[in-house]
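Residue numbering restarts at 1 for every chain, and letters A, B, ... go by the order of the sequence lines.
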2 protein chains.
Amino acid sequence: MGLFLSTFVNKVDRKGRVSVPATFRATLAQQSFQGIIAYRSFTNACIEGCGMDFMERLSDSAQTLDAFSPEQEDLSALIFADARQLSWDPEGRILLPEDVMAHAGITETAAFVGKGQTFQIWSPDAYRALEAEIRARALSSRPTLPLKPKAPAGDSR
Amino acid sequence: MGLFLSTFVNKVDRKGRVSVPATFRATLAQQSFQGIIAYRSFTNACIEGCGMDFMERLSDSAQTLDAFSPEQEDLSALIFADARQLSWDPEGRILLPEDVMAHAGITETAAFVGKGQTFQIWSPDAYRALEAEIRARALSSRPTLPLKPKAPAGDSR
DNA sequence: GTCAATACCATTGACGCCCATAAATACCCA
DNA sequence: TGGGTATTTATGGGCGTCAATGGTATTGAC
């Protein structure tokens, strides 16, 4: 399947180029588009990133909303209209557009944060602060997750 | 199925390498990623460890939560963003990152503690203390576990 | 022509791979 | 059953490779 895991902080050079972490590139390698899809988060000061496959899944999911409904309108504007296809160069770097960098407050370094099916790009400082907050909250709230049973993917033994 | 059982204490060399116990490697052998996934526990001073298969199960389970929901955000930050893919070398060793070692208070030796489907990595001293505590508590509380009936052949669903 | 995007090349530092050794265990055979 | 040997595991260190990064050249659009 290929998940986006871990957090990587990479430098943004004066041209606005950043290396996409090699492991992220590996999970995106067999997808149709050789690069990432990026759009500005509408809940956080960060950039949402994913591959073309996930974008198509989002599109499928959005179709459960009625066509021409306000929800559909909003979601389209927030995601599809804002999404940019950023292909990487031979070295695995993408060029971050100005307005996207501004939205996330990214200047010299960018943090690629794995979220499983997707990832986010943050200003390292901003993400550190958020992470500390979440971790502090987790100490008292102790979040849990009901585990789904193992998928029956033919492992006989 | 292959369970993580027993506790093994191994040395951390000056490069930060530790041997993953051979029996643990054996249970992970036929998984897609040749190594372990490790993330800092958000309740204890230890490292949570598992294989890629378990991580994918976690990801599947997390998708029952809505995309962009706060619960999803928190869980991603605590697990997926913090998860490191530590592949082992031909000798079966992994490289423990600095901050991970610091979180668990590991310096010279590391204790691999089996927990069935997953395992944990502790500072041996810290784990000894915790184990004594748990054992003392068990003397008075006498915990029990309702046994599930034996599954006939196939998996649960 | 200018500007920006992209391809090309060069450096370095971390990590993965190979060796070699020691200890512990499993195995074999008398 | 006991002794001896072979195999596996844990550990230590040197070296090559690749990912990340910075710079330069080339291309193409306006």
Side-chain angles (χ1 to χ4, degrees), chain A residues 2 4-29 33-38 49 84-102 106-114 119 121-124 127, chain B residues 2 4-29 31-38 47 49 52 83-102 106-114 119 121-124:
Chain A
F4 297 105
L5 295 180
S6 193
T7 296
F8 301 89
V9 176
N10 286 341
K11 277 200 177 174
V12 181
D13 68 16
R14 81 190 59 172
K15 291 196 212 168
R17 293 181 301 184
V18 214
S19 288
V20 177
T23 58
F24 285 20
R25 293 202 309 266
T27 81
L28 293 169
F33 171 65
Q34 282 304 291
I36 73 166
I37 314 289
R84 300 121 203 270
Q85 309 187 36
L86 309 177
S87 54
W88 50 61
D89 68 15
E91 281 75 38
R93 287 176 289 197
I94 55 170
L95 194 68
L96 285 180
E98 296 281 348
D99 62 333
V100 168
M101 280 181 61
I106 292 172
T107 53
E108 324 225 295
T109 54
F112 287 78
V113 180
F119 59 94
I121 311 176
W122 285 79
S123 151
Y127 183 69
Chain B
F4 298 107
L5 296 179
S6 190
T7 297
F8 301 88
V9 176
N10 286 341
K11 269 201 179 177
V12 181
D13 69 16
R14 84 189 57 174
K15 287 189 190 177
R17 292 180 301 187
V18 212
S19 288
V20 177
T23 59
F24 284 21
R25 293 204 308 266
T27 81
L28 294 170
Q31 299 202 1
S32 58
F33 173 65
Q34 284 302 291
I36 73 165
I37 313 289
I47 307 166
M52 187 56 93
R84 296 121 204 272
Q85 310 186 41
L86 309 178
S87 54
W88 51 59
D89 65 16
E91 283 74 38
R93 288 174 293 194
I94 54 169
L95 191 70
L96 284 181
E98 297 279 347
D99 61 333
V100 167
M101 281 180 59
I106 292 171
T107 52
E108 324 222 296
T109 54
F112 287 78
V113 181
F119 59 93
I121 310 176
W122 285 79
S123 152

### Query
Could you give the CH2-to-P distance, from W88(A) to dT21(D), as a whole number of Å?
16 Å
### Task
Report yes if the side chains of V18(B) and I106(B) come closer than 4.5 Å at any heavy-atom pair, otherwise no.
no
### Closest approach of G35(A) to L28(A) (non-hydrogen atoms, all atoms of both residues)
O-CD1, 3.8 Å
### Message
Once rounded to the nearest 0.5 Å, what's the spacing between atom OG1 of T7(B) and atom CD1 of I121(B)?
### Response
12.0 Å
### Task
Check DNA chain D against residues 14-23 of chain B and give the residues with a non-hydrogen atom under 4.0 Å, in numerical order.
R14(B), K15(B), R17(B), S19(B), V20(B), P21(B), A22(B)
### Test side-chain hydrogen bond (donor to acceptor under 3.5 Å, both in side chains) applied to R84(B) - qualifying residues, sequence neighbours left out
D82(B), D99(B)
### Query
Does anything in residues 6-13 of chain A reach DNA chain D, meaning a heavy atom under 4.0 Å, and if so which residues?
N10(A), K11(A), D13(A)
### Message
If I take atom CE from residue M52(B) and atom CD from residue Q34(B), how far apart are they, to the nearest 0.5 angstrom?
### Response
11.0 Å
#### Entry: All salt bridge (charged side-chain N to carboxylate O under 4.0 Å, His left out) counterparts of R93(A), not counting sequence neighbours
D89(A), E91(A)
### Query
Rounded to the nearest 0.5 Å, how far apart are CD of Q85(A) and CD1 of I37(A)?
4.5 Å
### Near-strand residues of residues 89-98 of chain B, defined as heavy-atom separation under 4.0 angstrom from DNA chain C
P90(B), E91(B), R93(B), L95(B)
#### Entry: Passing candidate, side chain to side chain contact (heavy atoms under 4.5 Å, CB included) with R17(A), options I94(A), L95(A), V12(A)
L95(A)
### Task
Can you measure from CG (L5(B)) to OG1 (T27(B)) and round to the nearest 0.5 angstrom?
9.0 Å
## Note on the structure
The ring-ring contact (aromatic ring centres under 6.0 Å, His included) partners of F4(A) (sequence neighbours excluded) come to F24(A), F119(A)
